[in-house]
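Structure, as structure tokens:
Heavy atoms only: backbone and side chains are in, while hydrogens, waters and symmetry mates are out. Numbered from 1 within each chain, the chains take letters A, B, ... in sequence-line order.
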Amino acid sequence: MRQSKYFIPTLKEVPADAIIPSHRLMLRSGLVRQLAAGIFSWLPLGHIVLKKIMNILRDEMDAIGGQEFLLPALNPIEIWEQTGRVEAMGDVMFHIKNREGLVLAPTHEEIITYHARQHIQSYRDLPQIWYQIQTKFRNEPRPKSGVLRGRQFLMKDAYSMDSTVEGLDVSYQKHYDAYCRIFERCGLKFFIVGASSGAMGGSASQEFMVESDAGEDVCAVSDSGYAANLEVATSALPGVGRIDSTNAIEEFATPSAKTINDLKNQFSLTENQLAKSVVYMVNSEPVLILMRGNDELNESKLESVFKTNQFRPAEAEELFEITGAHTGSIGPINLKTKIKIVADNLLKDANGLVSGANKDGFHFKNIDFSRDCKIDEYHDFRTICEGEPCPINGSPIRVVKAIELGHIFKLGTKYSTALHANILDAEGVEKPIIMGSYGIGVERVMACYLEQGFDDKGIIWNKALTPYHVHLLGLNLLRSPEVQQACEDLYKELTDAGFDVLFDDRDESPGIKFNDADLIGIPIQIIGGKKNIDNGQIEFKIRATNERGVVNITDIVEKVRNFYK
RNA sequence: CGGGGCAUGGCGCAGCCCGGUUAGCGCGUCUGUUUUGGGAGCAGAAGGUCGCAGGUUCGAAUCCUGCUGCCCCGACCA
């Protein structure tokens with residue numbers, strides 16, 4: 001490709017709107033332009049990179065037996081109503097205004113299941129892996145970070161269908177392995193975390209993450225290999241346990257203690273001696289949740305314990321009505337009304353505790369959970385913290401921000417049941433198809449790569465994703481017919497050898513060409529300048545290492561060939 | 001949806017508080033000329049309903065009201 005005829009609008013100045021590295025680089029190197037909030041146009045150079053990523057995705061999906069579909073973005077809303085997801089998605093789903101009954105597909109579980117229902121009728125038809133690489137539409141409340149969170153984005157989505165749970169395990173593992181190969185081929189430093197399956201439904205799920213300050217997810221990782229989304233992460237922190245005491249509970253005045261920290265400071269107490277109370281309305285029923293000290297309640301864990309997303313913290317008025325006290329003085333004993341009481345595992349059967357007396361300005365001490373109050377259930381409710389021992393071998397946990405690249409789910413039968421996609425098993429019994437769902441954000445793969453692959457000059461593409469193999473820079477072509485001829489010959493020779501060559505034949509100064517080349521970041525640059533060419537030689541530069549060298553012109557194709565071997 | 005910020009030639013910004021020439025600057029673009037291995041020099045030129053709609057005023061980019069768009073933080077994220 002001749003750069004003089006190619007559209008690569010590089011920018012010297014960075015648009016003020018772009019904050020994170022990948023976004024700045026995409027704009028500066030002419031890969032992408034923004035059309036509206038969360039909506040982007042891909043320019044030719046960026047489109048090539050997207051296609052390279054999609055080809056890797058196809059390659060690996062085909063390798064595990066995936067079959068590619070092309071599905072409509074316009075969907076009849078009825079199908080989505082049958083699975084209850086019109087309501088579950090709420091505002092996130094785009095509804096077509098001037099054609100009743102159509103929505104823009106935010107994903108495609110329903111459509112895949114619909115077609116499965118039409119034609120998959122026997123366990124003999126399974127397993128199947130169906131996938132698509134297509135645009136999805138989600139009305140994100142706040143698009144941000146360039147292409148990382150958009151209202152319209154490309155997603156590779158795959159769906160597995162099996163007749164048995166063992167079959168689902170096999171399909172899931174195939175995707176797990178394929179995803180590892182995909183991200184390795186793309187050159188990403190990723191890690192895999194156990195994740196919450198949230199409202200997608202289903203039993204197990206894992207996320208493929210790339211550590212990045214631009215990420216929206218928070219993960220716990222440790223040197224032992226432990227890695228989990230903070231939504232589900234646990235630590236090996238020991239429980240509070242019991243102390244040697246049989247003292248009876250005793251009310252004491254705490255007039256100026258409104259917070260756990262106040263109690264700690266005013267009464268010389270430790271985290272382990274304090275039981276914090278929070279009240280949530282779960283399915284409209286109040287629940288008292290006891291946490292150790294300042295431990296933070298994890299709402300994802302709350303959701304999985306109570307198996308509902310219909311919950312919220314109780315409001316001040318409700319709180320007083322339910323407990324008889326205001327925030328700061330609430331506890332498990334002497335509650336005004338009888339409500340369910342649950343506690344975090346760290347407090348299991350603990351004694352010697354301090355907690356609110358449900359009377360403003362008073363607390364109880366010497367509380368024994370197994371003697372003085374009835375804890376209905378103990379569960380893991382807490383959000384773990386940096387530095388806690390990991391569950392594998394106790395090595396310290398680091399809490400890092402990460403970008404979610406891919407997510408694999410064991411869906412089970414949620415969609416097949418709702419849409420009656422049933423099969424007959426070997427015994428002739430009708431059963432719903434057992435499904436899995438596996439997504440990868442295509443633009444996110446590029447953004448994640450860029451978050452890791454750049455320096456102060458610009459992008460540093462790797463061999464797998466680079467839009468061109470070779471960047472041939474012809475310097476001052478109009479001043480030297482010899483240089484021009486040598487570069488033209490080389491352009492043809494490299495192209496004939498099977499390389500994608502970007503030939504900078506523009507009438508621009510060498511400085512502009514060098515800077516643009518470093519910004520665009522093609523892995524190997526070949527620089528045709530008069531001095532070297534007059535000597536029958538040519539210069540190359542490896543973008544990643546800044547290694548430079550001069551070789552005979554006749555050897556340069558071999559040099560490139562070796563570089564890409 | 002809460003909080004904050006921004007909107008001025010293609011891009012990046014100043015001007016606005018304190019209303020008053022012809023709305024400036026850098027980059028880019030065009031013409032000429034000199035330059036030619038790390039974003040060149042000189043000379044000239046084009047390009048703007050100051051986001052939109054009202055209002056105040058003799059007079060509004062500037063003050064007031066409403067709206068829209070975009071960015072950041074938070075909430076949300078199947």
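- Listed candidates were G37(B), C76(B), G39(B). Nearest to the side chain of Asp516(A) is G39(B).
- The CG-P distance, from Leu27(A) to C70(B), rounds to 15 Å in whole Å.
- Summarising the base pairing, G69(B) is matched to C6(B) through a Watson-Crick or G-U wobble pair whose two defining distances lie under 3.5 Å.
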Next item on the list: Report the C-alpha distance between Asp157(A) and Gln134(A) in whole Å, list the side-chain angles of each, state the deciding distance to 0.1 Å, and finish with yes or no for side chain to side chain donor-acceptor pair (under 3.5 Å).
Entry: CA-CA 8 Å; Asp157(A) 229 353; Gln134(A) 285 178 244; over 6 Å; no
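- Taking atom CD1 of residue Ile512(A) and atom P of nucleotide U35(B), one finds them 18 Å apart after rounding to whole Å.
- Between G69(B) and A75(B), the two P atoms lie 24 Å apart (nearest whole Å).
- Taking atom C1' on both A60(B) and G54(B), the two are 13 Å apart, rounded to the nearest angstrom.
- Within 4.0 Å (heavy atoms only), Glu508(A) reaches no atom of the nucleic acid at all.
- In this structure, Asp17(A) reaches the sugar-phosphate backbone alone: every heavy-atom distance under 4.0 Å involves primed, P, OP1 or OP2 atoms, never a base.
- The nucleotide U31(B) finds its pairing partner in A43(B), both defining distances of the Watson-Crick or G-U wobble pair being shorter than 3.5 Å.
- Asn532(A) comes within 4.0 angstrom of a base, heavy atoms only.
- Look at the C1' atom in both U68(B) and U29(B): the space between them is 31 Å, to the nearest Å.
- Taking 3.5 Å as the limit, the base of G3(B) and the side chain of Arg142(A) contain no donor-acceptor pair of atoms between them.
- Comparing A14(B) with C6(B), their C1' atoms sit 15 Å apart, to the nearest whole Å.
- Gln485(A) and Asp489(A) share a side-chain donor-acceptor pair at under 3.5 Å.
- One atom, CZ of Phe311(A), and another, P of A75(B), lie 14 Å apart when rounded to the nearest Å.
- If you check every strand for non-hydrogen atoms under 4.0 Å, Lys136(A) touches nothing.
- In this structure, U49(B) forms no base pair with any nucleotide, since neither Watson-Crick nor G-U wobble geometry is met with both distances under 3.5 Å.
- Closest-nucleotide positions on RNA chain B for Gly528(A) and Lys144(A) were compared, and the one nearer the 5' end corresponds to Gly528(A).
- With ring centers used as reference points, Trp461(A) lies 6.0 Å or more from Tyr468(A).
- In this structure, the CZ atom of Arg24(A) is 12 Å from the C1' atom of G12(B), given to the nearest Å.
- Residue Ala36(A) is in sugar-phosphate contact alone, with no base atom involved, counting any heavy-atom pair closer than 4.0 Å across all strands shown.
- Under the Watson-Crick or G-U wobble criterion, with both distances below 3.5 Å, U21(B) has no partner in any strand shown.
- Nucleotide C1(B) has G74(B) as its partner under the Watson-Crick or G-U criteria, with both atom distances under 3.5 Å.
- Here U35(B) presents its P atom at 15 Å from CG of Leu478(A), a figure rounded to the nearest Å.
- With both ends at atom P, the span from C52(B) to U62(B) equals 11 Å, rounded to whole Å.
- A gap of 23 Å separates the C1' atoms of G26(B) and C70(B), to the nearest Å.
- Comparing the P positions of U35(B) and C71(B) gives a spacing of 47 Å, expressed to the nearest Å.
- Rounded to an integer number of Å, the gap from CD1 of Ile20(A) to P of C73(B) is 10 Å.
- For Phe183(A) and Phe208(A), the distance between ring centers is under 6.0 angstrom.
- Distance noted for atom C1' between C16(B) and A23(B): 12 Å (whole Å).
- With hydrogens and angles ignored, no donor-acceptor pair closer than 3.5 Å exists between the side chain of Asn476(A) and the base of G37(B).
- For Ala37(A), counting side-chain heavy atoms from C-beta on, the closest listed nucleotide (G38(B), C70(B), G39(B)) is C70(B).
- Salt bridge annotation for Glu488(A)-Arg2(A): present, with a cationic side-chain nitrogen under 4.0 angstrom from a carboxylate oxygen.
- Regarding contacts with the backbone of G39(B), every side-chain N or O of Ser509(A) stays at 4.0 angstrom or more from both OP1 and OP2.
- Distance from the side chain of Ile19(A) is smallest for C72(B) among the nucleotides C72(B), C11(B), G38(B).
- In this entry the distance linking CZ of Phe94(A) with P of C77(B) reads 17 Å, nearest Å.
- C11(B) and G26(B) make up a base pair, with Watson-Crick or G-U wobble contacts both under 3.5 Å.
- A salt bridge does not link Asp555(A) to Lys559(A): none of the charged nitrogens lies less than 4.0 Å from a carboxylate oxygen.
- A salt bridge is defined here as a Lys NZ or Arg NE, NH1 or NH2 lying under 4.0 Å from an Asp or Glu carboxylate O, and Arg142(A) with Glu216(A) fails to meet this definition.
- Residue Asn515(A) contributes atom CG, which lies 5 Å from atom C1' of G38(B) at whole-angstrom precision.
- In this structure, Ser145(A) reaches the sugar-phosphate backbone alone: every heavy-atom distance under 4.0 Å involves primed, P, OP1 or OP2 atoms, never a base.
- Looking at heavy-atom distances under 4.0 Å, Asp518(A) makes contact with a base.
- Below the 3.5 angstrom threshold, one finds a donor paired with an acceptor across the side chain of Glu539(A) and the base of G37(B).
- Looking only at atom types and distance, the side chain of Thr234(A) has no donor-acceptor partner in the side chain of Asp380(A) under 3.5 Å away.
- Within 4.0 Å (heavy atoms only), Arg548(A) reaches at least one base atom of the nucleic acid.
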